[in-house]
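Just follow the structure's listing: the first ligand is 1, and inside any ligand the first atom is 1.
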Amino acid sequence: MRGSGPVLETINPANGEVHAAIGTPSSAEVEAICSDVSHSSALRSWQSMLPHQRAAVLHRIADGLVAGAEPMARAQMLENGKTLKECRAQAASAAGVFRYYAGVCETMESTMPPPRGNWLGLTTHEPYGLIAAITPWNSPLTMESQKVAPALAAGNAVVLKPSEVTTLPALELARICEEAGLPKGLLSVLPGYGTEVGPALIGHPDVRMVTFTGGTETGRRIGEQCARRLIPVALELGGKSPHILFEDADIPTACEGIIDGIFEGLGQSCIAGSRLFVHRSRMEEVLERLTEMTEKLRVGLPTDPNVDFGSLSSHQHRARVEQYVTLAREEGATVLVGGSRPTDPALAAGAFYLPTILTGLSNRSRVCQEEIFGPVLCVLPFDDEADLIDQANGTAFGLACGIWTADYRRGLKVARAIAAGTVWINTYKKLSIAAPFGGYKDSGLGREKGLAGMRLYQQTKSILLATE
Ligand code: NDP
């Protein structure tokens, strides 16, 4: 778009070069775009379409995403440095999200509450109208489809503000939606800086609901702005998820899950299992195995099919990760592996960083309490279950948890005691668009995905009809 706000340059983090220059809207343009969409005939006719007609459009978008998967995947790779392999998988799953919500849109029913008199009750679910969606840079293909598909399915228009780091996947998504026959304006993308475009968007009187994924402090500010406006907000925020290994666990399988759980996407994942609690009796062998596995992980150019990880999403973010590793050393940590940039000269211009394992920290240290959002695993010992649960829950966050044990009764008991929105037992990071997802405590408000993910974008109305 050609807005009159500042020009946004996106940088390829794998080589530090400017990848694209994108116009951004001024506050007045944000105001005009939101007003136009919310009063458009396109929105009125979208809302009056029957659910199966809206579903047909969503299926066509899914087809468009399959056909356009490669440019989508490359757009994300060039902006956030993830491997092409991972970006391709995320593009494929974005198509699946649109198909899932096409199905939900067509099949979800209203209900009839039991009458308490001579009347019939109908509980129906109606769209809000205009939804503001704000997304982060780590997995835009995933985050944006998870918001846009259910919000459209529910009969809304969406104004999407992607991260300033990753604008192109959102623009590609909007193009595919339009080509698939989504009426013009029902998905508008506003590139720009969060602190400028964000408040103008959320403050617009026609925006009736906000859905946000990002950091906890940004989420708190957005929540405050929505509270003043008395509009609902869904917040998917940060995490510092505990990964637990009991003494009876299958150690080789658990270590595979632990390595994927923290290092996939170089730890730039809200559900990264960044605090590992190991029963003291198995600590030595677990550390030895994890170190050996981590040393074999390959960091390299995102286009190289033989590497496990690309670069971090930006040089600025790498500096933040490095500050945490410096802080860890000051807090008394031992760096078992990693803790530095790769030495390969071919990677010198990019924001690369090696997967890192730390020991010797207390659960109360800053490094174990604050979200690093990078490839840094802190390993801590525990002695008994009560001590473990205290430590695992001893954080402001509550997004996810992994438990490895041969004893399912114990697994379930601990799962119930952990304050987190998602708990895995003998696996980690398995996600399904059909399973509700969200955080406890400072990890968020509301649930995306699943049937709940569609209701998130609707308001409930009771209609009562006299029968006598
Ligand atoms: P930020 O919170 O910095 O930014 C997220 C989005 O909010 C960006 O689009 C940003 O724009 C925008 N923004 C910033 N300030 C404001 C404001 N005042 N008003 C409105 N919008 C604003 O997060 P990051 O992009 O750095 O992403 C990393 C964070 O996302 C991590 O904490 C991670 O845990 C969390 N996350 C949570 C997930 C979950 O499902 N729970 C999933 C993935 C990530 P700009 O880019 O221009 O600053």
Under a 4.0 Å heavy-atom limit, does [X] contact ligand 1 with its side chain, its backbone, both, or neither?
X    : result
I271 : neither
S443 : neither
E371 : side chain
V197 : neither

Tell me whether the centres of the aromatic rings in F309 and Y353 are closer together than 6.0 Å.
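No - the distance between ring centres of F309 and Y353 does not fall below the 6.0 Å cut-off.
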Counting each atom of ligand 1 from 1 as listed, which ones have a heavy atom of [X] under 4.0 Å away?
X    : value
N138 : 43 (C), 44 (C)
L237 : 34 (O), 37 (C), 38 (C), 39 (C), 41 (N)
Y193 : 47 (O)
L399 : 41 (N)
I134 : 6 (C), 7 (O), 9 (O), 12 (C), 20 (C), 21 (N)
M143 : 42 (C), 43 (C)
G192 : 47 (O)
F437 : 40 (O)

Short side-chain to backbone donor-acceptor contact, [X] and [Y], under 3.5 Å:
X    : Y    : answer
E79  : L168 : yes
N80  : S313 : no
H317 : G374 : no

When you measure from [atom] to each heavy atom in [options], which option holds the nearest one?
atom                    : options                : result
atom 35 (C) of ligand 1 : P136, G214, A132       : G214
atom 8 (C) of ligand 1  : L201, T216, T135, I222 : T135
atom 29 (C) of ligand 1 : C270, S269, P191, G215 : G215
atom 13 (N) of ligand 1 : G194, G219, S139, A400 : G194

Do K240 and F397 form a cation-pi contact, if we require the NZ or CZ to be under 6.0 Å from the six-membered ring centre and within 45 degrees of the ring's axis?
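So K240 doesn't make the cation-pi contact.
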Do any nitrogen or oxygen atoms of W137 lie less than 3.5 angstrom from nitrogen or oxygen atoms of ligand 1?
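Among all N and O atoms of W137, at least one is under 3.5 Å from an N or O of ligand 1.
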Judging by distance only, is a nitrogen or oxygen of E164 under 3.5 angstrom from one on ligand 1?
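Yes.
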Rounded to the nearest 0.5 Å, what's the gap from CG on L8 to OG on S163? Could you check?
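Spacing of CG (L8) from OG (S163) equals 8.5 Å.
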V165, T166, I22, L78 screened by side chain to side chain contact (heavy atoms under 4.5 Å, CB included) with T10, the one that passes
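For T10, the side chain to side chain contact (heavy atoms under 4.5 Å, CB included) test succeeds with only one of V165, T166, I22, L78, which is I22.
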Using the side chain to side chain contact (heavy atoms under 4.5 Å, CB included) definition, which of the options L160, T167, V159 pairs with L190?
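Of L160, T167, V159, side chain to side chain contact (heavy atoms under 4.5 Å, CB included) with L190 is met by V159 alone.
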If you measure from the Lys or Arg side-chain nitrogens to the Asp or Glu carboxylate oxygens, is any gap between K85 and D304 under 4.0 Å?
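No salt bridge links K85 with D304.
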Please determine whether a side-chain nitrogen of the Lys or Arg among E178 and R175 lies less than 4.0 Å from a carboxylate oxygen of the Asp or Glu.
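No, E178 and R175 are not salt-bridged.
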Atom of R220, atom of D442 and distance for their closest heavy-atom approach
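In terms of heavy atoms, the two residues are closest at NH2-OD2, 3.3 Å.
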For G239 and L399, which heavy atoms make the closest approach, and how far apart are they?
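Closest heavy-atom pair between G239 and L399: CA-CB, 4.3 Å.
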Give me the nearest non-hydrogen protein atom to [atom] as residue plus atom name, then the distance to 0.1 Å.
atom                    : value
atom 18 (N) of ligand 1 : R221 NE, 4.0 Å
atom 33 (C) of ligand 1 : F373 CE1, 3.1 Å
atom 11 (O) of ligand 1 : K161 NZ, 2.8 Å
atom 14 (C) of ligand 1 : T218 CG2, 3.5 Å

Are there more than 12 heavy atoms of other residues, nucleotides or ligands under 6.0 Å from atom CD of E179?
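Yes.
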Once the angle between the rings of H243 and Y428 is folded into 0 to 90°, is it parallel (under 30°), tilted (30 to 60°) or perpendicular (over 60°)?
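Plane angle under 30°, so parallel.
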Under 4.0 Å from atom 4 (O) of ligand 1, is there any protein heavy atom?
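Given the 4.0 Å cut-off, atom 4 (O) of ligand 1 does not count as touching protein heavy atoms.
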Check if P162 has a non-hydrogen atom at a distance under 4.0 Å from any atom of ligand 1.
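It does; at least one heavy atom falls under 4.0 Å.
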